[in-house]
Each structure stands twice: as C-alpha cells, then as structure tokens.
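Just so you know, these numbers come straight off a predicted model, no measurement behind them. For ligands, and for the atoms within them, numbers begin at 1 and follow the listed sequence. Computation of the quantities below employed the complete heavy-atom set of this structure, encompassing side-chain atoms and omitting hydrogens, waters and symmetry-equivalent molecules.
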Amino acid sequence: MEHSINFSLNGEAKAANCRADTTVLEWLRADARLRGTKEGCAEGDCGACSVLVRRPGHDKHLPTNACILLMGQLEGASLVTVEGLAESASGGHPVQQEMEVNGSSQCGFCTPGIVVALAGLLDSNAEPQEDEIHDALAGNLCRCTGYRPIVEAAQAAAKAGGALPGAEAIPAKGEVGGAESVFHLPKSLAELHDLRAAHPGAVLLAGGTDIALNVAQAKARWPRAILTRDVADLRSIEERDGTIIFGAAATWQEMLPHLHKHWPSFATLVRRFGSVQIRAQGTIGGNLGTASPIGDGSPALLVLGATLILSGPNGDRDVPLADYFLDYRKTVRRDDEVIRAVSVLLPETGEEMRVYKVSKRYDQDISTVCGAFHVAMDGGTVAAARLAFGGMAATPVRCMAAEAALVGQPVADGIRAAKDAVLETFSPMTDMRGSADYRATVAANLLDRFAADLAGETVEVMAL
Ligand SMILES: Cc1cc2nc3c(=O)[nH]c(=O)nc-3n(C[C@H](O)[C@H](O)[C@H](O)COP(=O)(O)OP(=O)(O)OC[C@H]3O[C@@H](n4cnc5c(N)ncnc54)[C@H](O)[C@@H]3O)c2cc1C
Ligand code: FES
Ligand code: FES
C-alpha cells in the first residue's frame with residue numbers, strides 16, 4: 001500500500017510518492033527537478049546539499065544535509081531549498097543579493113549550500129556576531145572564494161533582514177512510503193516496541209547522520225525503518241531533582257543550551273560536533289547507539305557519571321554508561337531494547353569538568369583523541385576524579401589508575417603520576433588520524449591542559 005510522504009516544499013503542500021529511503025537530495029534533483037541543491041561528497045561533509053528543514057512541532061527551519069536525509073524523515077516537515085529562497089523576495093533572499101554584490105561566489109558549486117546555511121542562521125539569529133557566522137559556515141566547504149567575502153555578505157544581509165517562505169503545519173502520519181520501502185513514525189514507546197517486535201529486521205532510525213551513510217554511500221536499500229523522531233518520551237529534555245534527563249531522540253542542537261548552562265566545556269565540544277547541519281539532525285541516542293570508540297558524546301558523559309535508561313517491551317532498566325560498552329561497537333543493550341534517555345546529575349559546588357577534542361581539523365572532523373575530565377574538589381584537594389578517553393581503546397573508557405593518582409591531593413601535584421598512568425594503561429591503535437605514540441602522548445598531555453585550565457592559565461570555553 002502506498003502512503004505518500006506529506007510535507008511542505010518552499011511553502012506549498014507536497015505529497016511525494018516514492019521509496020521512503022530515497023535521499024532528499026536524490027528526490028529534489030531527479031523528481032522535483034530542483035537542481036540548485038548540489039551533490040558534493042554525499043556524506044554530510046561539504047554542505048553543498050544544504051536545505052532548510054523545520055521538523056514537526058518546531059518553529060525554526062534549520063540547515064540540514066539533504067544527502068543523508070531520507071524522504072520518510074520529511075513527513076510533516078517544511079522543506080525550503082535555495083529555489084524557495086530565490087522566490088522569497090524580489091531579487092532573491094538578502095543573502096543571495098549580498099553574495100552577488102560582495103563577489104562571494106566564483107565557480108558557484110558551493111554557493112547554494114552557503115546561501116541556505118546563512119539564511120538559516122539569519123532566521124534564528126537576526127544579528128549574528130562574526131564567530132557565529134563562521135560557526136554557521138563550518139559545514140560548508142568553498143574551494144575558490146575564501147570565506148571573507150562570504151562573511152561580509154552575511155553581515156550585510158543581516159542588516160537587510162529576510163523571511164523564509166511560510167508554511168502551514170502538516171500533521172505527520174504514522175506510516176509513509178511504498179511497498180518497497182516503508183517508514184513507521186510511532187508516537188509512543190509502546191507503539192515503537194510493538195513495531196520492533198512485528199518487524200525485527202527494520203532499521204531503527206533517529207537523525208540518520210550515522211546510519212543513513214549506508215544509503216548515501218553504500219547504496220543500501222531499507223525495506224523498512226522505524227523512526228524515533230515522533231516518540232514523545234524520547235524527545236523531552238527535563239531537569240528535576242538535581243538531574244537532567246536527555247531523551248534519546250534529543251538532537252545535539254536541542255541539548256546545547258542545557259550543556260552551556262551546566263557544563264560550558266561540554267557545550268564547547270558540541271559546537272565542534274560535526275556542523276550546524278549535523279547537530280540539527282544527530283541525536284544523543286544515535287551517538288550512544290552506534291557506540292563508536294571515537295564518538296564525542298561518550299567520554300564527556302562517562303565522566304559526568306551518566307546513566308542510560310534502556311527501554312524494552314517489559315519495561316525500563318538503568319545501566320551506568322561505564323557498564324554499557326562491552327567491546328568494539330558492542331554494548332549490553334539487548335536487540336529488543338532502545339535507549340530511552342540519558343540521565344546526568346547536575347553539577348554541585350566544587351566540581352570541575354572539562355572535555356578536549358583533538359582532531360586534524362578544528363571544525364567538522366572526527367576526534368583522534370578526546371579526553372574528558374571531572375574532579376570534585378574538597379578545598380584544594382581532589383576528593384573524587386573521573387577521567388575518560390575516546391580514541392584510545394576499542395571503546396570509550398575511563399582510566400581508573402589515573403583517577404587514583406589524582407585523588408587525595410591538589411590537581412597540580414597528582415598530574416605527573418596521572419599522566420604516567422595514562423601512558424601505562426593504554427595501547428592505542430595507529431590509523432590515518434594518528435599513530436599510537438601520538439595518541440598516547442596527546443592523551444597524557446591533555447591532563448596538563450586540564451591542570452592549566454583549572455589554575456586559570458588558559459581560556460577554553462566558547463560563548464554560545
Ligand atoms: C559529517 C559528519 C560529521 C560528524 N561529526 C561527528 C562528531 O564530531 N562527533 C561524533 O561523535 N559524531 C560525529 N558524527 C556521527 C553522528 O553524527 C553522531 O554519532 C550522531 O550523534 C548520530 O546520531 P543520529 O541520530 O544521527 O543517529 P542515527 O544515524 O539515526 O543512528 C545511529 C545508530 O544508533 C542507533 N540508534 C538511534 N537511536 C537509538 C536509540 N534510541 N536506541 C538505540 N539505538 C539507537 C541506530 O539504530 C543506529 O544504529 C558525524 C557524522 C557526520 C556524517
Ligand atoms: S553532498 Fe556534501 S554534505 Fe551533502
Ligand atoms: S565558489 Fe567555487 S567552491 Fe565555492
């Protein structure tokens with residue numbers, strides 16, 4: 001049975017009859033014949049395919065990579081492409097006009113994606129600072145022009161203002177797509193578990209910034225997927241009784257203000273998590289679900305003592321994140337369970353937390369090593385410590401020996417022994433991101449950075 005995918009395209013209601021696992025990029029270019037949206041890398045890296053998406057229940061359109069977004073994920077959403085921006089004002093959207101005036105485009109291949117990213121920024125932030133413009137462009141690569149004229153165009157466009165095509169809210173159905181590829185959009189956890197029991201082979205899909213690469217790159221075909229997006233229980237972010245609970249389907253973008261309020265260093269890390277486009281789609285549940293040893297969420301959450309709430313057909317169970325990882329991409333989560341939420345105690349007086357990502361590029365890159373450190377101080381002495389690393393073993397992992405070396409003395413006094421413990425504990429691998437020696441040296445030296453930060457010798461926290 002066919003269930004058309006209903007969404008708004010550049011302000012007009014649209015019903016697409018296609019496989020739900022078609023990429024939005026493919027559909028736009030081949031079916032809708034809107035070819036302003038370009039294909040560069042087809043893996044979320046270059047931004048040439050950027051489009052604006054307003055998810056159901058949200059009020060803002062956010063830049064998203066169409067190459068790793070699937071048509072079934074558009075159900076109930078509003079989609080704006082560069083063509084829609086061109087029609088939004090006479091002479092084009094102010095970003096388009098200013099890009100032209102400022103000579104911000106040469107070959108032009110990156111230009112539609114850049115226009116979309118900047119129009120999205122201005123829609124959420126009418127007066128962006130220069131660093132916010134650079135942040136908005138971190139997921140858009142331009143080989144010819146250089147970013148100075150692009151940033152100047154953004155600044156000029158901000159003065160002019162500019163609206164996106166308006167769109168009515170469209171109710172999302174529970175099932176979309178055709179017989180060859182159907183996506184389910186359950187609204188409750190009970191419905192999600194029933195669907196998973198009925199279709200054990202179905203893909204569990206959150207933002208897709210990890211798993212949809214199988215479609216975009218490896219050309220996998222998904223007869224069936226079950227989306228977490230509309231499950232109310234998975235969407236919420238709640239603070240109560242000294243705890244914050246992040247629903248597994250919360251995006252990194254949605255989490256950012258909370259992280260900034262409680263753990264500014266964690267927020268700084270998340271601002272380097274992929275790009276604006278990736279953070280708008282990618283979720284905490286997907287990051288822990290994929291269980292990568294170089295996933296950036298895990299080290300920070302490990303030192304915050306996070307607990308996972310796993311939900312199965314017979315109820316929930318709590319699993320400390322430290323007990324979740326078993327081996328390379330293997331976890332204690334059973335096949336019939338999903339991550340429901342991640343629970344973290346809010347910080348108390350005397351606690352300090354820092355997390356550092358070391359990667360080849362500052363923006364839009366995967367970690368070579370990620371070090372996360374948390375101490376609870378009693379006067380000038382470390383009363384408790386949690387130190388964790390990504391990129392140093394088959395799983396994200398704490399270094400207990402280094403923690404023991406810090407406890408009972410001032411941070412500065414224990415650092416030498418903690419560094420030695422890191423060097424003795426880990427035998428990291430060598431790959432294209434870094435040699436084993438490099439990784440071990442960097443991981444140990446990040447502890448010096450931590451000590452310097454706590455002593456007020458460095459500044460590492462970005463404004464939000
Ligand atoms: C260009 C690019 C840059 C990136 N940069 C970074 C980075 O800087 N740091 C980083 O850590 N990662 C990065 N990633 C990886 C990815 O964006 C993150 O891991 C993201 O958090 C995945 O979330 P998602 O919702 O997109 O997951 P999805 O792709 O939807 O799912 C990933 C896996 O988790 C499973 N899953 C999803 N939700 C649940 C749930 N509730 N319970 C159980 N399993 C679940 C899925 O079945 C799938 O196996 C990047 C990816 C791209 C393409
Ligand atoms: S084509 Fe490069 S990010 Fe989509
Ligand atoms: S203008 Fe050529 S890639 Fe940007």
- Message: Which heavy atom of P257 sits nearest to which heavy atom of E254, and what is that distance?
- Response: CD-O, 3.4 Å
- Item | Distance from atom 4 (C) of ligand 1 to nearest protein heavy atom, with residue and atom | G274 CA, 3.9 Å
- Query: Polar-atom distance check: I339 versus ligand 1, any N or O pair below 3.5 Å?
  - Reply: yes
- Item | Numbering as shown, the atoms of ligand 2 that approach A42 to under 4.0 Å (heavy-atom distance) | 1 (S), 2 (Fe)
- Item | Numbered atoms and elements of ligand 1 in range of A248, under 4.0 angstrom, heavy atoms | 41 (N)
- Whether over 12 other heavy atoms sit under 6.0 Å from K60 NZ: yes
- Task: Verify the neighbour count for atom CD of E238: are there more than 12 heavy atoms of other residues, nucleotides or ligands below 6.0 Å?
- Result: yes
- Task: Please check if atom CD in E180 has more than 12 non-hydrogen atoms from other residues, nucleotides or ligands closer than 6.0 Å.
- Result: no
- Message: Regarding R279 and D135, does a basic nitrogen lie under 4.0 Å from an acidic carboxylate oxygen?
- Response: yes
- Would you call D365 a ligand 1 contact, heavy-atom distance under 4.0 Å? yes
- the protein heavy atom lying closest to atom 45 (C) of ligand 1 turns out to be L204 CD2, 3.6 Å
- Message: Side chain or backbone, does T209 bring an N or O within less than 3.5 Å of an N or O on ligand 1?
- Response: yes
- Message: Contact between ligand 1 and E337 is defined here as a heavy atom of the residue under 4.0 Å from a ligand atom; is it met?
- Response: no
- Message: So if I count the atoms of ligand 2 from 1 in the order they appear, which ones are less than 4.0 Å from some heavy atom of C49?
- Response: 1 (S), 3 (S), 4 (Fe)
- Note on the structure: Among V342, L205, T283, T251, closest by heavy atom to atom 21 (O) of ligand 1 is T283
- Message: Give the atom numbers and elements of ligand 1 that come within less than 4.0 Å of a heavy atom of D45.
- Response: 1 (C)
- Any N/O pair I68/ligand 1 closer than 3.5 Å: no
- Message: Looking at D21 and R221, is there a salt bridge between them, counting it only when a charged N and a carboxylate O are closer than 4.0 Å?
- Response: yes
- Task: Enumerate the atoms of ligand 1 whose separation from the nearest heavy atom of E43 is less than 4.0 angstrom.
- Result: 1 (C), 53 (C)
- Query: Does R340 come within less than 4.0 Å of ligand 1, judged by its heavy atoms?
  - Reply: no
- Query: Considering only heavy atoms of C142, which atoms of ligand 3 have at least one such atom less than 4.0 Å away?
  - Reply: 1 (S), 3 (S), 4 (Fe)
- Quick one: sort the F450 and F373 rings into parallel, tilted or perpendicular, breaks at 30° and 60°. tilted
- Query: Is it true that the side chains of N10 and T81 contain a donor and an acceptor less than 3.5 Å apart?
  - Reply: yes
- Query: What atoms in ligand 2 come closer than 4.0 Å to a heavy atom of G44?
  - Reply: 3 (S)
- Message: Suppose I only count heavy atoms of D45 and a 4.0 Å limit; which atoms of ligand 2 are within that range?
- Response: 3 (S)
- Message: If the cut-off is 4.0 Å to any non-hydrogen atom of G295, which atoms of ligand 1 fall inside it?
- Response: 11 (O)
- Item | Cation-pi, Y362 ring and R272 (6.0 angstrom, 45 degrees) | yes
- Go through ligand 3 atom by atom and flag the ones less than 4.0 Å from a non-hydrogen atom of G108. 1 (S), 2 (Fe)
- Message: One pair to check against side chain to side chain donor-acceptor pair (under 3.5 Å): Q277 and N140. What are the steps and the verdict?
- Response: CA-CA 9 Å; Q277 289 89 334; N140 292 80; 2.9 Å; yes
- Query: Which atoms from ligand 3 have a heavy atom of C110 less than 4.0 Å away?
  - Reply: 1 (S), 3 (S), 4 (Fe)
- Verdict with supporting geometry, F273 and T209, side chain to side chain contact (heavy atoms under 4.5 Å, CB included): CA-CA 12 Å; F273 190 116; T209 60; 5.9 Å; no
- Message: Is there a polar contact between ligand 1 and N287, counting only N or O atoms under 3.5 Å apart?
- Response: yes
- Item | Side chain proximity check, F183 to E75, heavy atoms < 4.5 angstrom | no
- Is there at least one pair of N or O atoms, one from I211 and one from ligand 1, spaced under 3.5 Å apart? yes
- Message: Could you tell me, atom by atom, which parts of ligand 3 come under 4.0 Å of a heavy atom of T145?
- Response: 1 (S)
- How does C41 reach ligand 2, if at all, at less than 4.0 Å between non-hydrogen atoms: by side chain, backbone, both, or neither? both
- Would you say the side-chain atoms of N102 pair up with the backbone N or O of S104, donor to acceptor, closer than 3.5 Å? no
- Output, in order, the C-alpha distance, side-chain angles, deciding distance and verdict of salt bridge (charged side-chain N to carboxylate O under 4.0 Å, His left out) for R317 and E337. CA-CA 10 Å; R317 63 179 175 130; E337 286 178 320; 2.7 Å; yes
- Would you say D210 and ligand 1 have an N/O pair spaced under 3.5 Å apart? yes
- Query: Any non-hydrogen atom of Q277 lying under 4.0 Å from ligand 1?
  - Reply: no
- Task: Any atoms of ligand 2 less than 4.0 Å from a non-hydrogen atom of C46? List them with their elements.
- Result: 1 (S), 2 (Fe), 3 (S)
- Query: Taking only heavy atoms of G44, which atoms of ligand 1 are found under 4.0 Å from at least one of them?
  - Reply: 1 (C)
- Query: With a cut-off of 4.0 Å, which atoms of ligand 1 are near a heavy atom of D296?
  - Reply: 7 (C), 8 (O), 9 (N), 10 (C), 11 (O)
- Query: Can you find an N or O of G289 that's nearer than 3.5 Å to an N or O of ligand 1?
  - Reply: no
- Query: Any N/O of T228 closer than 3.5 Å to an N/O of ligand 1?
  - Reply: no
- Message: Let me confirm one number: the CH2-CG distance from W27 to L79, rounded to the nearest 0.5 Å.
- Response: 7.5 Å
- Query: To which protein heavy atom is atom 2 (C) of ligand 1 closest, and what is the distance rounded to 0.1 Å?
  - Reply: I278 CD1, 3.7 Å
- Candidate pair R55 and T251, rule side chain to side chain donor-acceptor pair (under 3.5 Å), full reasoning: CA-CA 12 Å; R55 292 168 159 215; T251 64; 5.7 Å; no
- Message: Check this for me - ligand 1, G208, N or O atoms closer than 3.5 angstrom, yes or no?
- Response: yes
- Query: For atom 8 (O) of ligand 1, what is the nearest protein heavy atom, given as residue, atom name and distance?
  - Reply: K357 NZ, 2.9 Å
- Measure the distance from atom 3 (S) of ligand 2 to every protein heavy atom, then report the residue, atom name and distance (to 0.1 Å) of the closest one. G47 N, 3.2 Å
- Message: For atom 13 (C) of ligand 1, what is the closest protein heavy atom, and at what distance to 0.1 Å?
- Response: F273 CE2, 3.6 Å
- Message: Between T307 and D318, does the side chain to side chain donor-acceptor pair (under 3.5 Å) criterion hold? Intermediate values first, please.
- Response: CA-CA 6 Å; T307 298; D318 289 355; over 6 Å; no
- Task: Tell me, yes or no, whether the heavy-atom count around K14 atom NZ, taken from other residues, nucleotides or ligands under 6.0 Å, exceeds 12.
- Result: no
- Message: What verdict does the salt bridge (charged side-chain N to carboxylate O under 4.0 Å, His left out) test give for R19 and E26, after you've listed the backbone C-alpha separation in whole Å, the side-chain angles of each residue and the deciding distance to 0.1 Å?
- Response: CA-CA 11 Å; R19 294 179 60 106; E26 190 183 334; over 6 Å; no
- Short list, please: which atoms of ligand 1 are under 4.0 Å from a heavy atom of Q364? 1 (C), 3 (C)
- Note on the structure: ligand 1 atoms nearer than 4.0 angstrom to some heavy atom of A206 are 25 (O), 30 (O), 37 (C), 38 (N)
- Nearest heavy atom to atom 27 (O) of ligand 1: which of G247, P396, G286, S311 does it belong to? G286
